[in-house]
Visitor: 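Below you'll find the structure I mean.
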Amino acid sequence: MVTRKRPSGPYDARVAVYPGSFDPLTNGHLDIIQRSARMFDRVIVAVLVNASKEPLFSLDERVAMARDALRGEKRATVDTFDGLLVDYVGRAGAGVVVRGLRAVSDFEYEYQMALMNRRLNDQVETVFMMPAEQYVYISSRLVKEVCMLGGSVNGLVPDAVEQRLIRKRGGRR
Ligand code: PNS
């Protein structure tokens, strides 16, 4: 049986896609984007349309938070995608997928995903980047949980994201 590969090229290794649900964007995400922007000419932050069954933030909110946080970052743009990531990467003409690796616990899932994406399109490379140490324990899930239960997430997410999270929990500071 012949395995059909996705059409290849032209893929640009100077253009990277940083995909995710970003529900919401954290300072850990921001750190990875800033590091990527130093390595690549262009970084496309690609927000998944159908994030987990019930995202806390709508697609528009997730995009707005990312755009707001990246206003000063000339090499980064924000877009949305649906369907297979490698198809989006191909449409965007990018050659690289950037993923953040925080701990060993991330590794298995990320490794599976990278190899599956390579199987689907071997023109696209996945590059793993480590965030600064102070962000290695942060995740969108934990940030949402802590904030909704009344804890402070100050310093873990951009200020505008913190304000939106506080509004979601009913304004209680
Ligand atoms: O950081 P997240 O929210 O866990 O991101 C996961 C994401 C969006 C990168 C992943 O779910 C994805 O790529 N979804 C698109 C569908 C797809 O291509 N699935 C096959 C990946 S092997």
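Owing to the predicted nature of the structure, the values given are computational and were not obtained by experimental measurement. Both counts, for ligands and for their atoms, begin at 1 and track the order of listing.
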Visitor: Hey, can you tell me if Phe81 and Tyr88 have their rings parallel, tilted or perpendicular (30° and 60° cut-offs)?
Guide: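 Ring orientation, 0 to 90° scale: tilted.
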Visitor: Please determine if Arg167 and Glu61 form a salt bridge, counting it only when a charged side-chain N lies under 4.0 Å from a carboxylate O.
Guide: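 A salt bridge is absent here (no side-chain N lies under 4.0 Å from a carboxylate O).
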Visitor: Do the side chains of Asp31 and Arg35 get close enough for a salt bridge, i.e. N-O under 4.0 angstrom?
Guide: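 Here Asp31 pairs with Arg35 in a salt bridge, since their nearest N and O are under 4.0 Å apart.
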Visitor: Between Cys147 and Arg169, is there a side-chain heavy-atom distance shorter than 4.5 Å?
Guide: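 Sidechains of Cys147 and Arg169: in contact.
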Visitor: Which distance, rounded to the nearest 0.5 Å, do you find between the CD of Gln134 and the CG of Asn27?
Guide: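 Those atoms lie 9.0 Å apart.
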Visitor: What does the 4.0 Å heavy-atom contact list look like for ligand 1?
Guide: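 Near ligand 1, by chain and number: Pro19, Gly20, Ser21, Leu48, Phe81, Gly83, Leu84, Leu85, Arg99, Tyr109, Met113, Met116, Asn117.
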Visitor: Rounded at 0.5 Å granularity, tell me how far CD1 in Ile44 sits from OG1 in Thr80.
Guide: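 Going from the CD1 atom of Ile44 to the OG1 atom of Thr80 covers 11.5 Å.
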